[in-house]
Amino acid sequence: MSRNFQIAILSLFFLLCHIEKSFSQDEEKPTKASYKDPTTLLWLNTYGNVRISNRLFWIAQTHLRFQESENIPFAGQIAQVYNRHAISYLFSKQLNVSLGGVLRINFNPNDNLDDLNEKRSVAEWRIWHQYQFAMPFDRFMVYHRLRLEHRWTRTYENNSDYFFRNRYRYMLKFKIPLNKPKLGPRTFYVSPEAELIMQSGERVVNSPMEDLRLHSSVGYIINSRVTVAAGLMYSQGQDLNDGSIYGQKWTSRFHIYFSPDIRRVKNKIPEIHTTD
């Protein structure tokens with residue numbers, strides 16, 4: 001386990017070094033940063049880990065994300081629809097690696113689209129790979145997650161071209177049981193987590209920090225196949241076009257985790273930890 005953890009930390013170090021070298025600039029730097037007023041959002045998320053063999057899993061995730069409108073907070077208007085899929089390989093109880101793709105539909109928050117000559121929605125495409133390390137302790141679990149995403153995005157303007165960016169994500173997450181000594185069926189738990197999301201690309205000049213997310217949730221493990229959770233997240237990140245401007249968000253998040261096993265009964269082995 002210590003070897004896997006060292007690999008994770010070294011990988012993150014080299015990624016951050018690469019990012020730092022990518023964002024040098026000759027422009028005059030702003031004298032101070034400014035913060036936008038926080039916006040409120042609502043995320044409804046499903047996370048599927050479908051076991052297809054002793055070592056292979058199909059990750060199937062769908063996210064519905066809403067944001068405040070002029071008159072309605074949280075769910076005033078739809079913001080994004082996610083479809084994230086991947087094949088995940090379980091090396092051991094402590095390490096799994098995933099590779100897959102994402103289709104995200106972004107919805108334009110502006111109302112007067114005809115006057116603005118903009119589209120109502122645009123597609124965003126991603127390839128992602130992930131390396132997740134689980135560290136079991138006597139009473140709780142700790143996770144280190146490294147995720148790299150290669151994304152093609154476009155603006156809402158008609159006939160706008162796609163542009164390419166990379167994202168570098170590191171998350172530290174805890175799962176701590178509340179009503180039982182260990183995590184298991186019929187257990188309530190609390191799960192604080194922190195995630196740093198960096199980015200690079202031709203259009204990323206002085207805004208390498210896309211998002212810093214601080215999230216805590218309370219969950220209930222119904223059985224070995226289904227878990228539900230709800231939490232609140234605060235996040236802030238630099239504006240893509242002006243790194244001196246930081247946006248802020250308060251997001252209410254609701255999660256359903258499901259883990260069906262589609263193998264034939266005779267091929268099933270005792271359950272091993274696969275993380276969520």
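Just so you know, these numbers use all the heavy atoms, side chains as well, and skip hydrogens, waters and symmetry mates.
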Verdict with supporting geometry, Phe174 and Val190, side chain to side chain contact (heavy atoms under 4.5 Å, CB included): CA-CA 8 Å; Phe174 295 81; Val190 62; over 6 Å; no
Point-to-point distance, once rounded to the nearest 0.5 Å, from CG of Leu41 to CZ of Phe74: 9.0 Å
Common cluster, Ile245/Val204, ILVMFWY with side-chain heavy-atom separation under 4.5 Å: no
Tyr257 and Tyr47 aromatic ring geometry - parallel, tilted or perpendicular at 30°/60° bounds: parallel
Any donor-acceptor N/O pair, Asn108 side chain to Asn110 backbone, under 3.5 Å: yes
Joint cluster assignment, Tyr35 & Leu214, ILVMFWY side-chain distance < 4.5 Å: no
All pairs passing salt bridge (charged side-chain N to carboxylate O under 4.0 Å, His left out) where residues 120-139 contributes a residue, at least two apart: Arg104-Glu124, Glu124-Arg126, Glu124-Arg151, Arg126-Glu149
Where Gly184 and Thr187 come nearest, the two heavy atoms and their spacing: O-OG1, 2.7 Å
Donor-acceptor contact below 3.5 Å, side chain Arg165 vs main chain Gly201: no
Side chain to side chain contact (heavy atoms under 4.5 Å, CB included) assessment of Arg169 paired with Arg167: CA-CA 6 Å; Arg169 305 174 58 169; Arg167 298 174 100 199; 3.5 Å; yes
Parallel, tilted or perpendicular: rings of Phe188 and Tyr220 (30°, 60°): tilted
Shared hydrophobic cluster, Ile72 / Trp250 (ILVMFWY, side-chain heavy atoms < 4.5 Å): no
Parallel, tilted or perpendicular: ring planes of His150 versus Phe164, cut at 30 and 60 degrees: parallel
From CA spacing to verdict: side chain to side chain donor-acceptor pair (under 3.5 Å), Asp242, Ser244: CA-CA 5 Å; Asp242 187 346; Ser244 66; 2.7 Å; yes
Side-chain hydrophobic cluster, 4.5 Å single linkage: members besides Tyr82: Ile59, Val102, Trp128
Atom of Asp211, atom of Ser235 and distance for their closest heavy-atom approach: OD1-CB, 3.6 Å
Ser217 and Arg253, any side-chain heavy atoms less than 4.5 Å apart: no
For the student: nearest non-hydrogen atoms of Leu56 and Ser53, plus distance: N-OG, 3.0 Å
Same apolar cluster (I L V M F W Y, side chains within < 4.5 Å links), Tyr234/Leu172: no
Interatomic distance, Met141 atom CE to Ile176 atom CD1 [nearest 0.5 angstrom]: 12.0 Å
Which atom of Ser207 lies closest to which atom of Leu240, heavy atoms considered: OG-O, 3.1 Å
Over 12 non-hydrogen atoms of neighbours within 6.0 angstrom of CH2 in Trp125: no
Minimal non-hydrogen separation, Tyr246 against Ala33, with atom names: CE1-CB, 3.8 Å
Over all atoms of both residues, closest heavy-atom pair of Phe254 and Ala230: CD2-CB, 3.6 Å
Contact check, side chains of Gln67 and Gln77, non-hydrogen atoms, under 4.5 Å: yes
Working for side chain to side chain contact (heavy atoms under 4.5 Å, CB included), residues His144 and Tyr170: CA-CA 7 Å; His144 299 273; Tyr170 169 72; 2.7 Å; yes
Any donor-acceptor N/O pair, Thr40 side chain to Pro73 backbone, under 3.5 Å: no
Qualifying residue for side-chain contact (heavy atoms from CB on, under 4.5 Å) with Phe57, from Val50, Ile52, Ile87, Leu90: Leu90
Whether Lys180 side chain and Tyr189 backbone form a donor-acceptor pair below 3.5 Å: no
Between Phe133 and Tyr131, ring centroids under 6.0 Å: no
Value rounded to 0.5 Å, distance of CZ in Arg213 from OG1 in Thr251: 8.0 Å
Point-to-point distance, once rounded to the nearest 0.5 Å, from NE2 of His255 to OG1 of Thr227: 11.5 Å
Ring geometry between Phe137 and Phe140 (parallel below 30°, tilted from 30 to 60°, perpendicular above 60°): parallel
Within one Ile-Leu-Val-Met-Phe-Trp-Tyr cluster: Met171 and Leu212, side-chain cutoff 4.5 Å: no
Worked check of side chain to side chain contact (heavy atoms under 4.5 Å, CB included) between Leu99 and Tyr89: CA-CA 9 Å; Leu99 173 65; Tyr89 183 81; over 6 Å; no
Heavy-atom check, side chain of Arg84 versus side chain of His63, under 4.5 Å: yes
